[in-house]
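The structure under discussion appears below in the form of structure tokens.
In each ligand, atom 1 is the first atom listed, and ligand 1 is the first ligand listed. FYI, the numbering just counts along the sequence from 1.
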Amino acid sequence: MEFKLSREQELVRKMVREFTETEVAPIAAETDRTSQYPAKTIDDLFRYGIMGMIVPKEYGGAGADDLSGAIAIEELSKACASTGDIVATHNGLCCGPIISYGTEEQKKKYLPMLTKERKVGAFCLTEADAGSDASKGTTTAVLDGDHYILNGSKIFITNGYVADIFIVFAMTDRSKGTKGISAFIVEKDFPGFLVGKHEVKMGLHGSPTSEIIFQDCIVPKENLLGVEGKGFGIAMATLDGGRIGIAAQALGIAEGAYKEAMDFAKVRVQFGRPISKFQNSQFVFADMHVGIEAGRLLTYKAAIAKSTQKRFTLEAATAKLFCSELANKTATKALQMCGGYGYTNDYPLERMMRDAKITEIYEGTSEIQRVVISGNILN
Ligand code: CAA
């Protein structure tokens, strides 16, 4: 076992870190305040090959490995978790399943769109009455000649109202339960595709979340992703990959909060010395450091496991559970370190604390991660 990044992975870290410091960090507070989708940043990330970076080169991507993908999200999320989220969703939840399950024709058609043509991707699984119990969705897909007709609606869709290409899960045979679910590649311009309610959220204000509605939406038969009836497995395996992205995002938030608190503690003088000189503060930083190191190892281990092509469900859920709880603990303690200043929006910690919360909820709540982990270790 070697704890060393490859030259390519180091280069990705350096490039994304510099981009984050110069382009993302300066607008992160404004993005949060205005709830503005960071369109220029995302366009630049397409240009630098970060959007769609895991897509093989022959389909327009950078051909980066999964660990590089996680590192990019970690770096972006240190300054802006919204940007990290947009990238994680696009790469892991939209490009990912097309790479893994797409036919050659689907890969040739859609992956260049999701890279060179700068079209944003999204993933539509959750419904109003099917959140953690993901297989209970009621959206249907009925085959009618050379196309499927989709009806139903999906909620909480990250990238929803800015995305062009969607991975959608729908029931092709209700009587078969999870074996009656199929996956589709849907374009926003297909007839019957509608964008519904835009969500107003506690955090991640720059990451657009909306409802997506299918009203007799016509989807060509050739846009079935994988085999009919195998959609639930595709959703679950895709979420295994997505959860590594959220672990990386949460890790980035924790690192960002840690740095903010440390910068503050070194210059904030109370009782005659910087508060970093008090053992109370020093122990808080020691604990944060240990958590971040552990979270990084779990996240990188999960990303490396993904690249082996073997099932990595346990590694992904472990990393996501640990890092999302780490992000929340670290942001809360970092804010506390900064006292009243941390509670104001003159500092990024209140934003980081709000942004951290979702990592314990989306792509499977912490409770669902515990279900997945215990199921894997006990069976
Ligand atoms: N990989 C491949 N296949 C898997 C799998 C995985 N990780 N997990 C389960 N499956 C397969 C099983 O093998 C089984 O297949 P067979 O029937 O052929 O044996 C089938 O799927 C059903 O498995 P389960 O009986 O375990 O399924 P379940 O209904 O009990 O659900 C669950 C299990 C873990 C609770 C699952 O529903 C789950 O993960 N729920 C959380 C959903 C979730 O994460 N939602 C996030 C939405 S997306 C999002 O947040 C992004 C956004 O845009 C905001």
How about D85 and S82: does a side-chain donor come under 3.5 Å of a side-chain acceptor?
no
Identity and distance of the protein heavy atom lying nearest atom 6 (C) of ligand 1:
R311 NH2, 3.1 Å
Nearest heavy atom to atom 39 (O) of ligand 1: which of E367, Q369, R243 does it belong to?
R243
Any protein heavy atom nearer than 4.0 Å to atom 37 (O) of ligand 1
yes
Using a 4.0 Å cutoff against the non-hydrogen atoms of D240, which atoms of ligand 1 qualify?
1 (N), 6 (C), 7 (N)
Would you say the side-chain atoms of Y300 and Q9 include a donor-acceptor pair closer than 3.5 Å?
no
Within 4.0 Å of some non-hydrogen atom of A134, the atoms of ligand 1 are 37 (O), 42 (C)
Got a protein heavy atom sitting under 4.0 Å from atom 30 (O) of ligand 1?
no
Within ligand 1, which atoms have a heavy atom of L93 less than 4.0 Å away?
51 (C)
Atom 54 (C) of ligand 1 protein-contacted (non-hydrogen atom, under 4.0 angstrom)
yes
Starting from atom 21 (O) of ligand 1, find the nearest protein heavy-atom neighbour and note its residue, name and distance.
F232 CD2, 3.4 Å
Within 4.0 Å of some non-hydrogen atom of T158, the atoms of ligand 1 are 52 (C), 53 (O), 54 (C)
Stepwise side chain to side chain contact (heavy atoms under 4.5 Å, CB included) check, I165 with C94:
CA-CA 8 Å; I165 296 164; C94 187; 4.1 Å; yes
With a cutoff of 4.0 Å, is T313 in contact with ligand 1, counting heavy atoms of the residue only?
yes
Less than 4.0 Å between a side-chain N and a carboxylate O, is that true for E350 and R354?
yes
With a 4.0 Å cut-off, would you call E105 and K108 a salt bridge?
no
Taking only heavy atoms of G131 into account, list the atoms of ligand 1 that are under 4.0 Å away from them.
42 (C)
Looking at ligand 1, does K136 have a heavy atom less than 4.0 Å from it?
no
Are H147 and F190 an aromatic pair, judged by ring center distance below 6.0 Å?
no
Is K221 paired with D146 through a side-chain N to carboxylate O contact shorter than 4.0 Å?
no
Is S135 touching ligand 1 with its side chain, its backbone, both, or neither, if touching means heavy atoms under 4.0 Å apart?
side chain
Please report whether atom 15 (O) of ligand 1 has a protein non-hydrogen atom at a separation of less than 4.0 Å.
no
Protein heavy atom under 4.0 angstrom of atom 33 (C) of ligand 1, is there one?
no
Ligand 1 to S132 polar contact by distance, N or O atoms, under 3.5 Å:
yes
Value rounded to 0.5 Å, distance of CD in E293 from CG in L326:
11.0 Å
Does the protein put a heavy atom less than 4.0 Å from atom 11 (C) of ligand 1?
no
Is_contact(atom 27 (O) of ligand 1), protein non-hydrogen, under 4.0 Å
yes
Over 12 non-hydrogen atoms of neighbours within 6.0 angstrom of NZ in K107
yes
Near E58 CD, under 6.0 Å, is it more than 12 heavy atoms from other residues, nucleotides or ligands?
yes
I'd like to know if the side chain of T138 pairs up with that of E127 as donor and acceptor (distance under 3.5 Å, no hydrogens or angles considered).
yes
Does at least one non-hydrogen atom of I368 fall below 4.0 angstrom from an atom of ligand 1?
yes
For ligand 1, which atoms sit closer than 4.0 Å to a heavy atom of T126?
47 (C)
Counting heavy atoms only, name the option from F312, F123, F156 that's nearest to atom 48 (S) of ligand 1.
F123
Under 3.5 Å side-chain donor-acceptor pair for E104 and Y59:
yes
V372 heavy atoms within 4.0 Å reach ligand 1 at atoms 34 (C)
We want to know whether N151 and T140 form a side-chain donor-acceptor pair, criterion being a heavy-atom distance below 3.5 angstrom.
no
Need the ligand 1 atom indices (1-based, order shown) with element for anything under 4.0 Å from a heavy-atom of K179.
16 (P), 17 (O), 18 (O)
Going by ring-ring contact (aromatic ring centres under 6.0 Å, His included), F166 matches just one of F214, Y110, F193, F184. Which one?
F193
May I ask which of E363, E127, K176, M236 has a heavy atom nearer to atom 8 (N) of ligand 1 than the others do?
M236
Looking at D129, I'd like to know if its CG atom is crowded, meaning that more than 12 non-hydrogen atoms belonging to other residues, nucleotides or ligands lie closer than 6.0 Å.
no
